[in-house]
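Note sheet for the following structure.
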Amino acid sequence: MNSETIRKRFIEYFEKKGHYIVKSAPMVVKNDPTLMFTNAGMNQFKDIFLGNTSPKYKRVVNTQKCLRVSGKHNDLEEVGHDAYHHTMFEMLGNWSFGDYFKKEAISWAWELLTKEYNIDGERLYVTVFEGDESNGLEPDNEAYDIWKTIVPGSRILYGSKKDNFWEMGDTGPCGPCSEIHIDIRDDDARKKLDGSELVNKEHPEVIEIWNLVFIEFNRKADDSLLPLPAKHVDTGMGFERLCMVLQDKRSNYDTDLFKPIIDRLSEITSLSYGKDDQTCIAMRVVADHLRAVAFAIADGELPSNTGAGYVIRRILRRAVRYGYTFLGMSEPFVYELLPLLVNKMGRFFPELAGQEDLIGKVIKQEEQIFLRTLAVGIQKFEEYVKNKLKNNIVDGKFAFELFDTYGFPIDLTTLMAREKGLQVDMKGFDKNMKKQKERSRAVGVKQAVDWVDVRPNVEQTKFTGYDSLETEAGIVKYREVKVKGKSLYHIVLDRTPFYAESGGQVGDRGVLASDGGDIKIVDTQKENELIIHIAEKLPTPVPAKVIAKVDKTKRLLTANNHSATHLMHSALRQVLGEHAQQKGSLVDEKRLRFDFAHFEKVTPEQIIKIEKIVNEKIRQNIEVEDHRDISLEGARNMGATALFGEKYDELARVIAFDRDYSAELCGGTHVARTGQIGFFKIISEAAIAAGIRRIEAVTGHEAEKFVNSRFELIEQLSGILKHPKNLKQAVEKLVENNESLEKKVDQLQKARASQIKQELIKKLEKTNNVNFIGATVDMDAKTAKDIAFELKQKVDDLFLVLAYKHNNKPGIAVMLSDNLVKSGNLHAGEIVKELAKEINGGGGGQPFFATAGGKNLQGLEKVVSKARGIAAG
RNA sequence: GGGGAAUUAGCUCAGCAGGCUAGAGCGUUUGGCUGGCAGCCAAAAGGUCAUCGGUUCGAAUCCGAUAUUCUCCA
């Protein structure tokens, strides 16, 4: 059975049992401070479990793209070394939100495995929760009794809290779970030792394939458990592992999901898979990481040097590093594997197939950048070995510097050291690494505190901000959050006009007014579906009722920019082509920033065209069409632009300005009529990544200001030039004149210098085989230096002392011919120090040329006479 | 969000225990030689040493801020 069929069967089975099919949420998580990437199937339903929102369907089935590379689940360093760890994987799941519970979940799981997938039931073992006294939890006898009707007791095992009690995190929904394990050993091995002995014992052939979680508690910050009002089922079955079992393989990497990629790798590298250990590991690493990176980019997360983008960069770099070290690849090659992945998964995940070009380009460029980083690191290493190596040990501090500053992987340093018969001081490296981590962790620690409930049982904040900017509201709950020792307060209301940051639009500011005083809201953020008002101060007592007022000016200006963004998005596609899709955006009250896919610079002509179209639409004063709670299907029929990597509910909102021109799925706030935007002006266009460009633009008042400032600049320039008829010509002429004048000044200065030189030569005094020139002159240090160097070329046996005055400060320059320095035991630096005493100063320099500065102008004459004395010996 | 590093000619970089009035290779231009596949020889042009400020007699070099880029950690 191939992987596509396996996935399809799962989904269709539960669809038949009344489950609604939900699309995989994007792998990259937005609006959740605790999570960067989706790391479990339940992530997108978290709000339902937490009671922040009510489910639209009680039964749901899905396959979820997951990435485990950071935080609690970090599998990155494991990947490649065994047959089953992955960074990115799919989690198949069926869900019940307050609907069916243990009985159905268990019997359907059994039926699907043994009937649909034809797995031999004899090979399956199940586990149930044994209870835990410290939490006062009973054994899960209910699950045991249900299983007892299906499998003999000898194949039902009790498991500990570690294996059979599932928790979302330190706090939050949790409950006992029941796992299904499979024994895929051969018959001989099974006869010798019963599979039940090997369950949960890390045996590679007796493995868990499905976890059925029965969520019934909420874990509080004080570690106590509260029963939930509704009980839920959350199941997760690793898709890659299931494919391995059903395709009768011993490694996930032998399934049709990975084999084509590994075969191609074999071709490219001319190395065979399955022989050398290092080669196999490297190929698995590459095959796995390709998937993670490609899907992340498809979800809109580009490699970068901060946050989630940095994690993506690291994954790709790990692949390149293994390829470089163990597969001999010193040119980009990962991107070449992409078409195979698209061929395997592109049909089910259109975001992948639809952006193949872009993903390939981004990967290729990223590979090139990293190979360059490696080359620099190798050079630094060679230099170090040549110049600074002591006792054949590579200093840990240096190894860390290579890693920390130049991004050179430590295992490559070790490898290169070994090739030269050197050792790396790993203790020193670890010590520095530890310091770095402590530094980072010391700041930005967020303390999670439980919410203080003011009025429980309010399900979800009602957002009223599309229609009004002021509402009476009640405070539902609040909490204090400490960031960097500073306290911030999070407030949740039962209804609010405040727009929380999302879809690129910044959060609202404003006040919550009450009898007890106003609460100033500095920002509004979303945590999943929860709208959080952020304040720096909270009055005591915390008022129960407030009037929530949004900062109107900021909101309106932001709306201008947001609507203009939509108008521009359509204009971009019209001018550049349909590929110019949104890749990111930021809208606030000052400007709009828009990133989109495009492979070359947008020409000035195209910019003008885009501006023209947008301004045309503004002047048409189009009324907004605001379709709320429209079905996804309906939105699509309207021709609404949906974006990859955005998470949308089943019910969407469509914002249209002239339906044929612009219709987008959008949750933001917009103008009532486009005329309100006033004027649109692009102020910059630049590349930000491979195939991604960024436009910044302003609207209304800001745009006016921008144009005016340019206009003013021209006026000022024209004014400076006394308002010529043709400004451009006048400037050109000015530049020309300036050039020729500069040349003339140059000539004159040279003439003057040569005149001074002549005069100085006239003052030459022959004493003691030395040609002494001493003079007090009026010039700056630079000129004195110039003259000194020129005289050195002209006069043999020169002993020159220039005592100069500039800006009412005295200075001395001493120049000696080379032969005097060599034979005469003279040193300009020493001489100038001695002379400087006369002007209350100090100085120094090289043996043949030195300078000094001081304070006493009166001493200048003395300097010359004293110098004459020295020259005379 | 925090730490480290880099920024010098069109390109790639050297110079950085303060002081050779800023160098190399490639590229460009000019002249000469030469029957090619990076031809050879000679010469020239090309630099606010990222920006701003400070220390100093003197800063590409030391210090601080800013910008951009790289990089590690969270």
Side-chain angles (χ1 to χ4, degrees), chain A residues 33-36 69-72 74 303-311 313-314 317 366 368-377 379-380 383 397-410 413 429-430 432-446 483-486 686-689 742 753 780-793 802-807 809-816 818 821 827-856 859-860 863:
Chain A
T34 64
L35 208 60
M36 247 188 224
V69 286
S70 59
K72 190 178 154 201
N74 188 348
S304 75
N305 56 4
T306 49
Y310 178 57
V311 176
R313 170 169 281 176
R314 248 177 25 195
R317 291 187 168 192
E366 193 58 30
Q368 279 166 337
I369 293 173
F370 185 55
L371 288 166
R372 211 182 123 71
T373 300
L374 287 183
V376 170
Q379 201 191 337
K380 293 260 173 209
E383 258 170 47
K397 207 174 156 201
F398 171 73
F400 182 73
E401 183 190 307
L402 263 188
F403 169 73
D404 181 52
T405 303
Y406 299 100
F408 199 72
I410 182 64
T413 306
F429 178 85
D430 291 338
N432 279 287
M433 186 67 146
K434 216 177 140 197
K435 263 199 250 166
Q436 154 96 310
K437 286 192 179 181
E438 277 163 12
R439 254 200 315 267
S440 291
R441 205 169 295 140
V443 274
V445 188
K446 277 190 194 170
V483 186
K484 279 194 211 168
K486 215 177 108 187
I688 56 159
E742 257 175 15
D780 62 14
K782 175 81 168 61
T783 316
K785 192 177 186 182
D786 280 345
I787 289 176
F789 272 88
E790 279 171 41
L791 279 175
K792 186 190 174 209
Q793 299 211 317
L802 290 173
Y804 60 83
K805 190 173 90 176
H806 183 65
N807 286 344
K809 272 190 171 176
I812 308 167
V814 175
M815 174 66 86
L816 300 172
D818 294 339
V821 174
H827 192 289
E830 302 300 324
I831 294 169
V832 90
K833 264 179 205 162
E834 186 57 35
L835 297 177
K837 285 177 186 167
E838 302 302 328
I839 53 168
N840 291 341
Q846 301 124 278
F848 74 98
F849 178 75
T851 55
K855 290 167 199 155
N856 181 18
L860 280 178
V863 166

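Values below: every heavy atom of this structure, side chains too, minus hydrogens, waters and symmetry copies. Lettering follows sequence order; numbering is per chain, from 1.
Comparing B:rU71, B:rG19, B:rC73 by their closest approach to the side chain of A:Thr373 singles out B:rU71. Nearest nucleotide to the A:Arg313 side chain, out of B:rG2, B:rC13, B:rU71: B:rU71. Comparing B:rC72, B:rC20, B:rA5 against the side chain of A:Lys785 picks out B:rC20 as the nearest. In the set B:rC73, B:rU21, B:rG3, B:rC73 carries the atom at the smallest distance from any side-chain atom of A:Phe403. For A:Arg314, the side-chain atoms get nearest to B:rA74 when compared with the rest of B:rA74, B:rU71, B:rG19. Among the nucleotides B:rC73, B:rC20, B:rG3, the one closest to any side-chain atom of A:Met433 is B:rC73.
The shortest side-chain heavy-atom distance between A:Ile812 and A:Tyr804 does not fall under the 4.5 Å cut-off.
Looking only at atom types and distance, the side chain of A:Asp780 has a donor-acceptor partner in the side chain of A:Thr783 under 3.5 Å away.
Annotated stems with RNA chain B as a participant read B:1-7 with B:67-73, B:10-13 with B:23-26, B:28-33 with B:39-44, B:50-54 with B:62-66, given as range with range, by first number; only runs of 3 or more Watson-Crick or G-U pairs under 3.5 Å qualify.
Contact check, A:Arg372 against B:rC70: no side-chain N or O comes under 4.0 Å of OP1 or OP2.
Counting any heavy atom pair closer than 4.0 Å across all strands shown, A:Gly844 reaches a base atom. A:Gly843 comes within contact range of at least one nucleobase, with a heavy-atom separation under 4.0 Å.
Side-chain atoms of A:Gln436 come within donor-acceptor range of the base of B:rC72, with a qualifying N/O pair under 3.5 Å. For B:rG19, its base sits under 3.5 Å from the side chain of A:Thr851 at one donor and acceptor pair at least.
Salt bridge absent: A:Asp430 and A:Lys434 never bring a charged side-chain N and a carboxylate O closer than 4.0 Å.
The gap from the P atom of B:rG32 to that of B:rC16 amounts to 41 Å, rounded to the nearest Å.
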